[in-house]
2 protein chains.
Amino acid sequence: MPAPRQAQIAESPERSTPPAGRNLLFLREEELRLAQDLLFFGYRDFTAGADEILAGMAMGRAHHRVLHFVGRRPGITVGDLLGILAITKQSLGRVLTPLMEDGYVLQTPGRTDRRQRLLALTDKGAALERRLFERQRETVMQAYREAGPAAVEGFRRVMRGLMGDQARTAFDMLEGPPAP
Amino acid sequence: MPAPRQAQIAESPERSTPPAGRNLLFLREEELRLAQDLLFFGYRDFTAGADEILAGMAMGRAHHRVLHFVGRRPGITVGDLLGILAITKQSLGRVLTPLMEDGYVLQTPGRTDRRQRLLALTDKGAALERRLFERQRETVMQAYREAGPAAVEGFRRVMRGLMGDQARTAFDMLEGPPAP
DNA sequence: CGGATCGGTCAATGATACTGACCCAAACGG
DNA sequence: CCGTTTGGGTCAGTATCATTGACCGATCCG
């Protein structure tokens with residue numbers, strides 16, 4: 001473990017006047033390795049429940065992501081969905097086309113721009129998305145309850161901070177008004 | 001850091017009679033969808049930097065995970081590594097064997113049990129792991145600084161809560177004493 | 001000695017992603 | 001009105017990460 005690099009004056013936003021010692025240490029190497037472990041284990045188990053359901057239906061995580069974001073923003077265009085997922089058109093196609101063929105997702109031409117294909121969930125799609133959601137809800141609820149409301153707020157701030165500009169923009173869009 | 005379990009009544013979805021304000025709302029549907037989004041975007045961008053480096057070396061995320069956990073626990077057995085990663089022997093082999101052939105990871109027979117292969121990083125392996133670590137450190141440091149120390153503690157508690165039993169055991173082992 | 005364990009390897013399969021090229025149809029701009 | 005741009009779809013080929021099931025050698029242990 002070489003030079004722990006102490007970064008004392010971290011505090012740019014906040015300025016939460018640390019109660020004594022250990023707060024200045026929070027950027028040390030060990031703390032960051034801890035973060036790596038947390039993210040690896042936590043994310044893996046967060047997705048595990050839904051993955052199990054999906055596996056039984058010849059689908060994968062990518063299908064879930066489409067169901068999730070289309071459900072979150074009914075009427076989203078293919079282009080906007082591509083921007084959120086940050087994958088290629090081809091990768092999306094391999095997942096979106098079957099979802100439409102199997103009646104989970106519905107496509108309607110845009111009203112103002114008829115080149116656009118506006119996406120929405122069918123009842124069947126909404127039901128599957130709901131099932132996946134409920135499963136993950138158990139996991140997240142458990143974690144939230146154990147950790148408490150204050151921890152949840154901290155969790156949100158850190159996760160948001162991990163995002164790059166592109167993701168942050170997409171994220172803020174999603175959490176914001178349902179309209180633009 | 002054992003589980004502080006402070007679960008105050010869950011509030012069945014809806015019925016949000018916020019007494020002191022926003023604290024009892026934190027289990028509503030929208031809050032959980034927010035968590036899904038945070039985890040998707042946050043985890044993706046957390047890994048993006050390292051993925052970029054790895055891509056230039058004909059390696060992937062799985063190689064990084066091996067370097068990371070072997071670096072974290074030098075002398076770990078193949079079996080224990082399999083337990084941490086929760087993948088199959090075959091999947092590990094496809095990654096571990098090339099890492100050894102290319103001189104990133106070193107194998108030495110166990111002293112007490114000579115069936116075991118104790119794994120450790122070579123200098124070359126440690127250097128690569130370091131490079132990947134530094135890259136992720138930038139991302140995490142940025143997020144930690146923006147969020148502040150209190151948020152970091154909350155982040156940890158929530159991420160740990162997302163883990164299943166198996167992962168939590170492995171995690172506590174990793175964060176605990178280096179010796180067992 | 002015999003069974004269990006640790007580690008490695010075979011073959012086949014599937015999910016997710018990539019690149020680059022090419023196409024149609026609709027919109028837009030001079 | 002025509003040419004270009006944009007939104008969307010699709011072709012073929014490739015890579016990584018994971019799976020299952022079977023089987024083997026070496027070693028440990030009762």
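Bear in mind that the values here come from a model prediction, so they are computed numbers and not experimental data. Chain A is the first sequence line, chain B the second, and so forth, proteins listed ahead of strands; every chain is numbered from 1.
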The test is salt bridge (Lys or Arg N to Asp or Glu O under 4.0 Å); show your working for A/E153 and A/R156 and say whether it passes.
CA-CA 5 Å; A/E153 178 56 24; A/R156 285 189 193 140; 3.6 Å; yes
Take B/E134 and B/R137 through the test salt bridge (Lys or Arg N to Asp or Glu O under 4.0 Å) and record every step on the way to the result.
CA-CA 5 Å; B/E134 305 281 4; B/R137 167 150 79 178; 2.7 Å; yes
Between A/E146 and A/Q142, does the side chain to side chain donor-acceptor pair (under 3.5 Å) criterion hold? Intermediate values first, please.
CA-CA 6 Å; A/E146 274 183 26; A/Q142 163 81 13; 2.6 Å; yes
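Salt-bridge annotation for A/E30 and A/R33: absent, with no side-chain N of the basic residue lying under 4.0 Å from a carboxylate O of the acidic one.
Residues passing the ring pair (Phe, Tyr, Trp, His ring centres under 6.0 Å) test with A/F69 are B/F40, B/F41, sequence neighbours excluded. Looking at residues two or more places apart in sequence or on another chain, you find a side chain to side chain donor-acceptor pair (under 3.5 Å) between A/Q36 and B/H68, B/Q136. Residues passing the side chain to side chain contact (heavy atoms under 4.5 Å, CB included) test with B/L92 are B/V66, B/V78, B/L81, B/L82, B/L85, B/I87, B/L96, sequence neighbours excluded. Checked against side chain to side chain donor-acceptor pair (under 3.5 Å), A/Q90 has the following partners two or more places apart in sequence or in another chain: A/T88. Residues passing the side chain to side chain contact (heavy atoms under 4.5 Å, CB included) test with B/E52 are B/R135, sequence neighbours excluded. Applying the side chain to side chain donor-acceptor pair (under 3.5 Å) rule to A/Q107 yields no partners; only residues at least two apart in sequence or on another chain are considered. Evaluation of the side chain to side chain donor-acceptor pair (under 3.5 Å) rule for A/D45 yields no partner, not counting sequence neighbours.
Residues A/R73 and A/I84 have side chains not in contact (no heavy-atom distance under 4.5 Å, counting atoms from C-beta outward).
A pairwise comparison of heavy atoms in A/L132 and A/A50 identifies CD2-O, 3.8 Å as the closest pair.
Between the OH atom in A/Y104 and the CG atom in A/L121 there is a gap of 11.5 Å [rounded to 0.5 Å].
At a threshold of 4.5 Å between side-chain heavy atoms, the hydrophobic network of Ile, Leu, Val, Met, Phe, Trp and Tyr places B/L118 and B/V105 in two separate groups.
Protein chain A contacts DNA chain C from C/dA15 to C/dA27, reading 5' to 3' and using non-hydrogen atoms of the protein with a distance under 4.0 Å.
For DNA chain C, the residues of residues 76-96 of chain A within the heavy-atom distance limit of 4.0 Å (strictly under) are A/A86, A/I87, A/T88, A/Q90, A/S91, A/R94, sorted by number. A heavy atom closer than 4.0 Å to some atom of DNA chain C occurs in no member of residues 49-66 of chain B.
The C1' atoms of five pairs define one axis at each end of the helix from C/dC1-D/dG30 to C/dG30-D/dC1, and these two axes lie 30° apart (to 10°).
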Produce the list of close N/O pairs, under 3.5 Å, pairing protein atoms with atoms of nucleotides 26-29 of chain D; give distances to one decimal.
residue : atom : partner : partner atom : Å
D/dT27  : O2   : B/R115  : NH1          : 3.4
D/dC28  : OP1  : B/R114  : N            : 2.8

